[in-house]
Amino acid sequence: MSKKSVVNRNKKRIALNLKFANKRAKLKKMVMDKKLSLEERFKAQMKLSKLPRNSSKIRVKNRCEITGRSRGVYRKLKISRIMLRQLSLEGKVPGMVKSSW
């Protein structure tokens, strides 16, 4: 189980990412546009740098929805490998059974 503060910090980052996603995308597009003048591109870069760092998508960490574990998390299910195994042994994951050969 992760610390609550770490999980809450990640949730805050997710919220900031959703809030600033459109603005960040527009500014990045302006910075990469070669048709604009160098001055306009520089201004867009400065506006981009003024945005909160935690609003960047790269700063969001994939965490288990149940335990908050950061490692070994399946993207599709949003749960860690340990919880996936535990839930499948309890029969709570449809179609998943313990293998035997």
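Just so you know, residue 1 is the first one in the sequence shown, and it goes up from there. Because only heavy atoms are used, hydrogens play no part in the values below, and waters and symmetry mates are left out as well, while side chains stay in.
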Counting only pairs under 3.5 Å, give me each side-chain donor-acceptor contact of residues 50-58, with atom names and distances, residues two or more places apart or in other chains.
| from | atom 1 | to | atom 2 | distance (Å) |
| --- | --- | --- | --- | --- |
| N54 | OD1 | R13 | NE | 3.1 |
| N54 | OD1 | R59 | NE | 3.0 |
| N54 | OD1 | R59 | NH2 | 3.3 |
| S55 | OG | R24 | NH2 | 2.8 |
| S55 | OG | P52 | O | 2.6 |

inquiry  = What I'd like to find out is whether the side chain of L48 reaches to under 4.5 Å of the side chain of K23, using heavy atoms alone.
reply    = no
request  = Pick out which of S70, C64, S2 makes a side-chain contact (heavy atoms from CB on, under 4.5 Å) with V7.
outcome  =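 The single option meeting the side-chain contact (heavy atoms from CB on, under 4.5 Å) with V7 is S2.
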ask   = For K4, what residues pass the side-chain hydrogen bond (donor to acceptor under 3.5 Å, both in side chains) criterion, not counting sequence neighbours?
value =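 side-chain hydrogen bond (donor to acceptor under 3.5 Å, both in side chains) list for K4, sorted by chain: empty.
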inquiry  = Working note: M30 + L36, criterion side-chain contact (heavy atoms from CB on, under 4.5 Å); need CA distance, chi angles, decisive distance, verdict.
reply    = CA-CA 8 Å; M30 286 176 67; L36 293 175; 4.1 Å; yes
task = Answer with yes or no whether the hydrophobic clustering places L27 together with M46; edges join I, L, V, M, F, W, Y residues whose side-chain heavy atoms lie under 4.5 Å apart.
result =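 Not linked; separate clusters.
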Just list the side-chain donor-acceptor pairs under 3.5 Å for residues 76-89, sequence neighbours left out, or say none.
| from | atom 1 | to | atom 2 | distance (Å) |
| --- | --- | --- | --- | --- |
| S80 | OG | M83 | N | 3.4 |
| S88 | OG | L84 | O | 3.0 |
| S88 | OG | R85 | O | 2.8 |

Contact summary for I66 and M1, nearest pair of heavy atoms =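 Shortest heavy-atom contact: O-CE, 4.2 Å.
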query = Quick check: does any side chain N or O of N10 sit under 3.5 Å from a backbone N or O of K61, one acting as donor and the other as acceptor?
reply = yes
CD/E39: more than 12 non-hydrogen atoms of other groups inside 6.0 Å = no
remark   = Taken to the nearest 0.5 Å, the spacing of K12 NZ from S5 OG works out to 12.0 Å
